[in-house]
Amino acid sequence: MSYAVKGVFWIGVYLLLILAPLAILLIEPVPPGNGFWWDVSLALGFAGTAMMGILFLQTARFRRASAPFGIDIIYYFHRQIALIALFFILAHPLILLILKPQLVELFKPGVAPGHLWGAVVSTLALVALVVTSIWRKQLNLDYDLWRVLHAVLAVVALGLAIWHVLGVGHYVDTSWRKQLWGTFSLSWLLLLVYVRLMKPWAQLRHPYRVAEVKQERADSWSLTIEPDGHDGLRFEPGQFAWLTLGNSPFALKEHPFSFSGSAEKVPTLTFTIKELGDFSSTIKHVKPRQIAYIDGPYGAFSPDRMDATGFVLIAGGIGIAPMMSMLRTFADRKEQRPLKLLYAYNTWERLTFREELQELEQQLNLEIIWLLKDPPPGWQGESGLITGDLLQRRLPLTDPEQSYLICGPVKMIELTEKLLHQSGVPLARIHSELFDMV
Ligand SMILES: Cc1cc2nc3c(=O)[nH]c(=O)nc-3n(C[C@H](O)[C@H](O)[C@H](O)COP(=O)(O)OP(=O)(O)OC[C@H]3O[C@@H](n4cnc5c(N)ncnc54)[C@H](O)[C@@H]3O)c2cc1C
């Protein structure tokens with residue numbers, strides 16, 4: 001089955017999961033309504049709660065469901081759906097209060113039933129979830145701390161919303177409706193058990209051991225790991241995995257890294273990691289035989305999924321890691337199709353994989369365009385930033401069957417996508433990988 005067909009299938013499953021809890025409420029006998037806007041408000045509350053539940057599903061990293069889209073698209077979708085769910089949840093009480101302002105009286109201490117306060121706390125938790133996710137960096141929230149906070153707030157928001165739904169009881173007044181809605185709710189929370197317990201448990205049973213840690217140019221380290229007592233995994237060049245080192249997988253201290261080694265050399269896995277923060281700065285101290293855990297492979301950023309006459313790879317900085325996996329795999333497969341690599345970095349000295357790339361240029365039908373921001377004296381090659389003129393001059397932009405893969409800093413990706421598109425490259429031929437999820 002093609003990825004497009006699989007994608008349509010999973011979108012269908014998604015819509016079914018959102019609509020099923022609502023449809024159940026409409027099975028006869030339906031309780032008498034309270035007027036159009038009153039019912040719209042209730043529908044928004046139910047829909048918002050169902051969408052909150054589905055948010056858990058999106059981050060459960062089901063490989064089959066995420067494969068047609070790529071996990072970055074799923075996370076993007078997750079953020080957009082969370083905003084819509086928040087809008088629905090906020091609109092629900094607002095409409096009720098506009099219709100019946102005297103409902104405010106309910107919030108007097110000792111008057112309001114517990115589940116009503118539950119709804120208030122649930123809404124506040126959802127607002128906090130959205131605010132801390134959109135402005136995490138501006139709020140200086142450490143990534144690991146944010147992840148824990150995100151999980152706690154999500155459980156609080158959904159758990160209390162369900163309590164409110166069942167507590168009010170309108171539309172879920174018969175016992176079978178209560179049970180069905182309750183079962184749906186329970187299955188959303190069971191997803192948490194799957195993500196936090198079952199997945200780490202599966203990783204624990206499939207450990208890896210560090211085979212080598214090698215220094216590369218520009219404060220980067222290549223970490224090679226091998227499966228310990230199992231067959232390991234297969235991946236497509238360009239994909240990535242979540243890596244846990246020196247912690248139990250239950251600690252959820254995992255970080256995503258692209259595979260940089262050849263997909264033909266499995267079960268050996270290599271990642272190339274640039275020193276950027278707390279975790280990436282510890283790689284240089286990792287010793288051989290140290291235990292590691294992997295959750296993957298993920299991602300749709302792979303030439304293996306593209307029917308193309310050739311590939312143009314555009315890398316900036318450590319964005320070379322997935323490209324290295326592609327080129328090494330191409331070399332192992334004796335790939336004949338024409339390849340171009342536009343590799344942008346600050347200086348010649350810091351070009352990670354410089355020597356190996358020069359060798360690959362000899363082995364493959366590959367041309368490398370080195371683009372230096374700060375070139376050495378006497379540099380004959382390209383310099384400065386990526387421009388439309390550079391792309392027109394150096395890349396074969398005219399072949400409509402060629403695929404373009406971009407990986408690097410966010411600004412570079414956005415600019416390059418825009419320039420390629422302005423130069424007439426169809427959007428369907430442009431693919432990019434962001435190293436920044438939240
Ligand atoms: C799909 C993907 C592929 C990647 N491939 C590579 C690669 O091949 N080589 C490479 O050097 N880097 C890669 N990264 C980036 C790498 O994951 C982060 O640089 C690393 O997690 C930073 O962690 P830190 O603790 O060292 O730095 P910190 O200073 O703690 O974090 C720096 C920033 O990295 C991001 N980050 C931190 N922890 C995580 C996490 N657990 N999950 C997601 N993002 C996080 C956050 O935006 C954070 O603000 C990739 C990221 C993604 C999303």
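Just so it is clear, the values below take in all heavy atoms, side chains as well, and ignore hydrogens, waters and symmetry mates.
- Between E433 and G238 the shortest heavy-atom distance is OE2-O, 4.0 Å.
- Between L371 and L385 the shortest heavy-atom distance is CD2-C, 4.0 Å.
- Separation of atoms CD1 (I320) and CE (M326) is listed at 9.5 Å; rounding is to 0.5 Å.
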Could you go step by step and tell me if L390 and T387 meet the side chain to side chain contact (heavy atoms under 4.5 Å, CB included) rule? CA-CA 5 Å; L390 172 83; T387 60; 3.4 Å; yes
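- Side-chain atoms of H431 never come within 3.5 Å of backbone atoms of F301 as a donor-acceptor pair (strictly under, hydrogens ignored).
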Walk me through it: do L420 and L427 pass the test side chain to side chain contact (heavy atoms under 4.5 Å, CB included)? CA-CA 9 Å; L420 284 174; L427 281 178; over 6 Å; no
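- The minimum heavy-atom distance between V286 and Q290, with the atom names listed, is CG1-OE1, 3.8 Å.
- Pairing each heavy atom of P237 with each of S302, the nearest pair is O-OG, 2.8 Å.
- Remark: aromatic rings of F62 and Y194 are close, center separation under 6.0 Å.
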Tell me, with the steps shown, if W201 and L197 meet side chain to side chain contact (heavy atoms under 4.5 Å, CB included). CA-CA 6 Å; W201 176 250; L197 297 176; over 6 Å; no
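- Across every non-hydrogen atom of M52 and F56, the tightest pair is O-CD1, 3.5 Å.
- Side-chain atoms of L158 and L55, non-hydrogen and from C-beta on, never get closer than 4.5 Å to each other.
- Distance check: M51 CE to L44 CG gives 10.0 Å after rounding to the nearest 0.5 Å.
- Remark: D228 engages R209 in a side chain to side chain donor-acceptor pair (under 3.5 Å) (not counting sequence neighbours).
- Judged by distance alone, with hydrogens and angles left aside, the side-chain atoms of R136 form a donor-acceptor pair with the main-chain N or O of L141 at under 3.5 Å.
- For the residue pair D332 / S262, a side-chain donor-acceptor distance below 3.5 Å is found, with atom types taken as modelled.
- Here the options are L103, I98, V104, the test is side chain to side chain contact (heavy atoms under 4.5 Å, CB included), and the partner is K100; only L103 passes.
- Side chain of E414 to backbone of K411: no donor-acceptor contact under 3.5 angstrom is found.
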Full working for side chain to side chain contact (heavy atoms under 4.5 Å, CB included) between V148 and D144: CA-CA 7 Å; V148 174; D144 288 330; 6.0 Å; no
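- M412 is listed as a side-chain neighbour of I314, based on a closest heavy-atom distance under 4.5 Å.
- Inter-residue side-chain proximity for L243 and D295 is flagged as unmet; no heavy-atom pair is nearer than 4.5 Å.
- Side chains of S258 and Q239 form no contact here, defined as non-hydrogen atoms less than 4.5 Å apart.
- Checked against the 6.0 Å centroid threshold, Y208 and H230 count as a close aromatic pair.
- The distance from the CG atom of L83 to the OG atom of S133 is 9.5 Å, given to the nearest 0.5 Å.
- No hydrogens or angles considered: nothing links the side chains of T352 and R217 as a donor-acceptor pair under 3.5 Å.
- For K199, the NZ atom sits in a packed shell: over 12 heavy atoms of surrounding residues, nucleotides or ligands are nearer than 6.0 Å.
- Here the straight-line distance linking atom CG of L313 with atom CG of L395 works out to 10.5 Å at 0.5 Å rounding.
- Counting only heavy atoms from C-beta outward, the side chains of F257 and H255 approach each other to under 4.5 Å.
- Within 6.0 Å of the NE2 atom in H421, the count of heavy atoms belonging to other residues, nucleotides or ligands does not exceed 12.
- In this structure, A157 and S122 approach most closely via the heavy-atom pair O-OG, 2.7 Å.
- Here the side chains of L149 and L129 are not in contact, with every heavy-atom distance at 4.5 Å or above.
- Comment: R333 engages D304 in a salt bridge, judged by a side-chain N to carboxylate O separation of less than 4.0 angstrom.
- Rounded to the nearest 0.5 angstrom, L126 CG and L160 CG are separated by 11.5 Å.
- For the pair R328 and F353, the distance from NZ or CZ to the six-membered ring centre is under 6.0 Å and the angle to the ring normal is within 45 degrees.
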Does F435 form a ring pair (Phe, Tyr, Trp, His ring centres under 6.0 Å) with F240? I'd like the steps, not just the answer. CA-CA 10 Å; F435 277 3; F240 70 96; 8.7 Å; no
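- Inter-residue side-chain proximity for V312 and L405 is flagged as unmet; no heavy-atom pair is nearer than 4.5 Å.
- The aromatic rings of Y143 and W146 lie tilted to each other, with the angle between the two planes from 30° to 60°.
- Going from atom CG of D39 over to atom CH2 of W37 covers 11.5 Å, rounded to the nearest 0.5 Å.
- Looking at R61 and I74, their side chains never come closer than 4.5 Å, going by heavy atoms from C-beta outward.
- Side chain of H164 to backbone of H115: a donor-acceptor contact under 3.5 angstrom is found.
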Taking it one step at a time, do R429 and E401 satisfy salt bridge (Lys or Arg N to Asp or Glu O under 4.0 Å)? CA-CA 8 Å; R429 286 273 157 205; E401 301 297 313; 3.8 Å; yes
Between side-chain atoms of residues 85-97 and protein atoms elsewhere (two or more places apart, or another chain), which donor-acceptor pairs fall under 3.5 Å?
| residue | atom | partner | partner atom | Å |
| --- | --- | --- | --- | --- |
| H92 | ND1 | S41 | O | 2.8 |
| H92 | ND1 | S41 | OG | 3.1 |

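- A distance below 6.0 Å separates the ring centres of Y298 and W242.
- A salt bridge between R350 and E216 is absent, with no side-chain N of the basic residue lying under 4.0 Å from a carboxylate O of the acidic one.
- A donor-acceptor pair under 3.5 Å is formed between the side chain of T329 and the backbone N or O of A263.
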Name each donor-acceptor pair under 3.5 Å that joins a side chain in residues 270-278 to protein atoms two or more places apart or in another chain, with its distance.
| residue | atom | partner | partner atom | Å |
| --- | --- | --- | --- | --- |
| T270 | OG1 | T224 | OG1 | 3.2 |
| T272 | OG1 | S222 | OG | 2.9 |
| T272 | OG1 | S260 | OG | 2.8 |
| K274 | NZ | A218 | O | 3.3 |
| E275 | OE1 | K284 | NZ | 2.9 |
| E275 | OE2 | W221 | NE1 | 2.9 |
| E275 | OE2 | K284 | NZ | 3.2 |

